[in-house]
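The figures that follow rest on heavy atoms only: side chains count, while hydrogens, waters and symmetry mates do not.
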Amino acid sequence: MGFERAESGQVAGELVGFTFQSPDGGYAVARLRGDDGGTFTAVGPLAHVLEGQHVRLDGAWERHPSYGRQFRARSVLVEDPRTIAGLERYLASGAVKGLGPTIARRVVERFGLDTLRVIEHEPERLLEVPGLGRKRLAEIRAHWARDQGQREVMATLRGHGIGQALALAIAERYGDDALSVVTRDPYRLADEVERVGFRTADRIARAQGIGPDDPRRAEAALGWLLRQAEGEGHCFLPEGELVRRAVELEVPEAGAREALERLAGQGRLVRHPAPDPDSRPVYRPVMERREARVARALAALARHVRPAAAEAMVDAVARARGIALGADQRRAVRTALSHGVSVITGGPGTGKTTIVQVILEAAGRMAERWLLAAPTGRAARRLAETTGADARTVHRLLEYNGRTGRFDRDRRNPLEADGILVDEASMVDLPLMAALLAAVPEGCRLVLVGDADQLPSVGPGRVLADVIASGAVPVATLTEVHRQAEGSGIVRNARRVLSGRRPVSAERDPEATARDFFVVPRTDPLEAVATLLEIVRNRLPRLGFDPRRDVQVLAPMHAGPLGTRALNERLRAVLNPSGPELARGERLFREGDRVIQVRNDYDHDVFNGDTGRVLAVRDGAVVINFDGRLVEVSGSRLDQVEPAWCISIHKSQGSEYPAAVVVLHTAHRLMLRRNLLYTAMTRARRFCCVVGHPDALGIAVATPGGDERWTRLADRLREAAGA
């Protein structure tokens, strides 16, 4: 039996108390006394309302199969208390600092329903209340004046279903202007506040009486859609696609095209010419400038060609290291040392690490200073381990300033180096590449090292692939698998996947010399989960892998029984079943948990993709060990940390694990692509196992692409190089 819903409507009443409030303050079940004197239950975005306040709710009545008739609120308008009892409850709840239950009752007895007017306009009269002196009066006045504006904006935002954290972010973003922005120009929220979507801003606008034909609505929709597209990896949207997406937001096509003309005429959007108007690229100006700058800067670097490093020096380095360089490796070293910008690309086992070591030693023999960087903290640490040299994240290299939100290293303050080498370059998005190129000094060489067959960056652009495709930059492609990797089933099967063939489990592979790659077919999701747990908990430990330290489970998606969320719960239950814990909304942090940082935290020197272990839970905070760096995380910063017993394949980019277990199922169909599977398999250093539906494996290897992006970098780089 499900919900029985009635027509939408409105109700009003006084909030008497709560049956339930979610930890994040975004949802509540409340008891209300209606204006008609009856009581009823309401559910929805009510957690911010204080007991005693009067509310007007917009929503619909429904009958819950277990809890009976209740009103589900979509939006909430909070008003001052209308009864003496309600006013007492409101003041005693802590609404006004300095008025506890006893004093609140005395104040209400003295001033009745006029109490709030007295507090706001005649606060000196509070001295008429026995026991309320000037010290408490000063506290009440200061608190009321400081919080009155925020109370109004918070009540408005929370009444529209916006959670506590986001409502606070909006209030902090606009300060004293917050209420004016929310009530008069709410579409600014979608344009200027990262986590506010167009539909949320639109809902607020409608509630404020802003009509659906208001020009600001179509303009806001176009801007928001372009930012959303950048989140999908695109640098622009073709005009026809942008208009189509606007229509899906219930913006009339004519209105969308008129708004596009206005914004382009004002320079607030940039259009590039195209034979078909619907194929014209439409950019946000900041993204268009970045793409142009990256193309110009790379083309300028490509014009600088130095004499190739002496063959004798390369040979001397190889002899000193006791290695024999193959022809493609020698070519890669010469290219890196003799060109202003170059790319070194190749799959696992092709010797990229060896080449980087040789380049650095050769540079050292030429008394050159080279800087090493990678997009993530984990990739930077791995680069440092394999080279023995200092390596930093690109953000750290460019000295990101958390206070200003900008990089301190730029055109006016460039880096000091003869060469810069960036590993895992496929992860570098367009904005980060633009910032890096702005800080490359004149005469410096830039070497981009990466695997072009992996997934592209999470952010906008596909920089490495576009640079290679442009033909304007020297590219050294490594294809030969070297002897130490020849016996690896992981390497061999990764190459099979790239060629569109299914990987072969070790027990069925006549070429297998190392039993380091297995495929375990399971069609039923529950059986797949059971098998996964058996492999992680029992089989891998017998092979010498610690399941809490050495094994990483990877999945294509977050949702579903074989998604990261569900698998994290199941894995935690068997690998870390008990201990002190802390709840943050729907998330649970338990002592001993493996976690992953999902946003850069410059204050603590922890970066997106860094994994750690929860060492302690205390006083509303967790202490996390990020590779030897102890960080205490609490409050809203906990939203930047997620469980990591299982992580998405995208999040695993730039990392390597002793053992990786990959889950694939037809339920993941929308995500199944060749490069996704390839990326997952190549995260494993010593052991890889794929558990899942055979059809899912077939879909993945048979489906190239899937990560096509709208970008003009390759074309613009060719144009700039030919200029």
Side-chain angles (χ1 to χ4, degrees), residues 285-307 309 335-344 356 359-360 362-364 366-377 379-380 383-384 387 389-425 427-450 457 459-461 463-464 466-467 470 472-474 600 602 605 607 713 716-717 720-721 723:
V286 64
M287 192 59 61
E288 198 276 340
R289 288 194 297 269
R290 284 169 175 162
E291 193 177 74
R293 288 170 182 166
V294 168
R296 288 196 301 268
L298 287 173
L301 284 172
R303 295 188 191 103
H304 294 286
V305 180
R306 298 184 176 194
T335 300
L337 293 175
S338 59
H339 289 81
V341 59
S342 60
V343 172
I344 299 173
V356 171
I359 290 171
L360 294 180
M366 293 187 293
E368 292 184 345
R369 182 185 183 220
W370 279 58
L371 301 175
L372 305 183
T376 67
L383 180 60
T387 62
D390 179 52
R392 287 170 275 179
T393 65
V394 179
H395 282 79
R396 277 288 171 218
L397 183 73
L398 299 178
E399 299 175 16
Y400 181 83
N401 188 321
R403 182 179 55 81
T404 64
R406 298 177 180 275
F407 294 105
D408 287 342
R409 292 288 187 172
D410 54 18
R411 288 181 181 82
R412 292 165 295 183
N413 183 30
L415 295 163
E416 298 170 6
D418 299 296
I420 300 170
L421 186 144
V422 179
D423 197 15
E424 297 289 352
M427 298 175 65
V428 178
D429 62 19
L430 187 75
L432 188 57
M433 181 57 73
L436 174 63
L437 289 167
V440 174
E442 187 173 351
C444 179
R445 280 157 289 174
L446 176 65
V447 180
L448 303 177
V449 181
S457 60
V463 175
L464 184 65
D466 279 349
V467 171
S470 73
V473 169
N600 291 336
Y602 302 101
D605 202 29
F607 300 93
L713 179 60
R716 299 177 87 162
L717 182 49

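The salt bridge (charged side-chain N to carboxylate O under 4.0 Å, His left out) test applied to D410 returns R412, not counting sequence neighbours. Every residue two or more places apart in sequence or in another chain that forms a side-chain contact (heavy atoms from CB on, under 4.5 Å) with A425 is listed here: L448, L464. With sequence neighbours excluded, no residue satisfies side-chain hydrogen bond (donor to acceptor under 3.5 Å, both in side chains) with R411. Under the side-chain contact (heavy atoms from CB on, under 4.5 Å) criterion, A435 pairs with L398, F407, sequence neighbours left out. For R290, there are no side-chain hydrogen bond (donor to acceptor under 3.5 Å, both in side chains) partners at least two apart in sequence or on another chain. Remark: R293 engages no residue in a salt bridge (charged side-chain N to carboxylate O under 4.0 Å, His left out) (not counting sequence neighbours). By the side-chain contact (heavy atoms from CB on, under 4.5 Å) test, A417 pairs with L371, I420, C444, sequence neighbours left out. By the salt bridge (charged side-chain N to carboxylate O under 4.0 Å, His left out) test, E368 is found to be paired with R306, R445, residues two or more places apart in sequence or in another chain being considered. D418 meets the salt bridge (charged side-chain N to carboxylate O under 4.0 Å, His left out) test with no other residue; sequence neighbours excluded. For H339, there are no side-chain hydrogen bond (donor to acceptor under 3.5 Å, both in side chains) partners two or more places apart in sequence or in a different chain.
Distance check, rounded to the nearest 0.5 Å: CG of L372 to CG of D423 gives 9.0 Å. A distance of 6.5 Å separates CG of L298 from CE of M433, quoted to the nearest 0.5 Å. Of the inter-residue distances, the one linking T387 atom OG1 with I359 atom CD1 reads 11.5 Å to the nearest 0.5 angstrom. L717 CG to D466 CG: the interatomic distance, rounded to the nearest 0.5 Å, is 8.5 Å. M427 contributes atom CE, which lies 4.5 Å from atom OG1 of T376 (distance to the nearest 0.5 angstrom).
The heavy-atom pair separating V394 from A373 by the smallest distance is CG2-CB, 4.1 Å. Counting all heavy atoms, side chain and backbone alike, S457 lies closest to G461 at OG-O, 3.2 Å. The minimum heavy-atom distance linking A295 with A720 is given by the pair O-CB, 3.9 Å. Closest approach of R303 to A721, counting heavy atoms only: NH2-CA, 4.5 Å. Summarising the geometry of A336 relative to W370, their closest heavy-atom pair is O-CH2, 4.2 Å, with the distance given to 0.1 Å. Summarising the geometry of M287 relative to P431, their closest heavy-atom pair is CE-CG, 4.3 Å, with the distance given to 0.1 Å.
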Q | Residues L437, L446; criterion side chain to side chain contact (heavy atoms under 4.5 Å, CB included); working and verdict | A | CA-CA 9 Å; L437 289 167; L446 176 65; 3.7 Å; yes

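Counting only heavy atoms from C-beta outward, the side chains of R289 and V286 approach each other to under 4.5 Å. With contacts defined as side-chain heavy-atom distances shorter than 4.5 Å, the pair V294/V467 does not qualify. At a threshold of 4.5 Å between non-hydrogen side-chain atoms, the residues I344 and T335 do not count as touching.
Panel note: side chain R409, backbone L397; no donor-acceptor pair is recorded below 3.5 Å.
Contacts classified as salt bridge (Lys or Arg N to Asp or Glu O under 4.0 Å) and involving residues 431-443 (residues at least two apart or in different chains) are not found. Among residues at least two apart or in separate chains, there is no side-chain hydrogen bond (donor to acceptor under 3.5 Å, both in side chains) pair with a member in residues 429-441.
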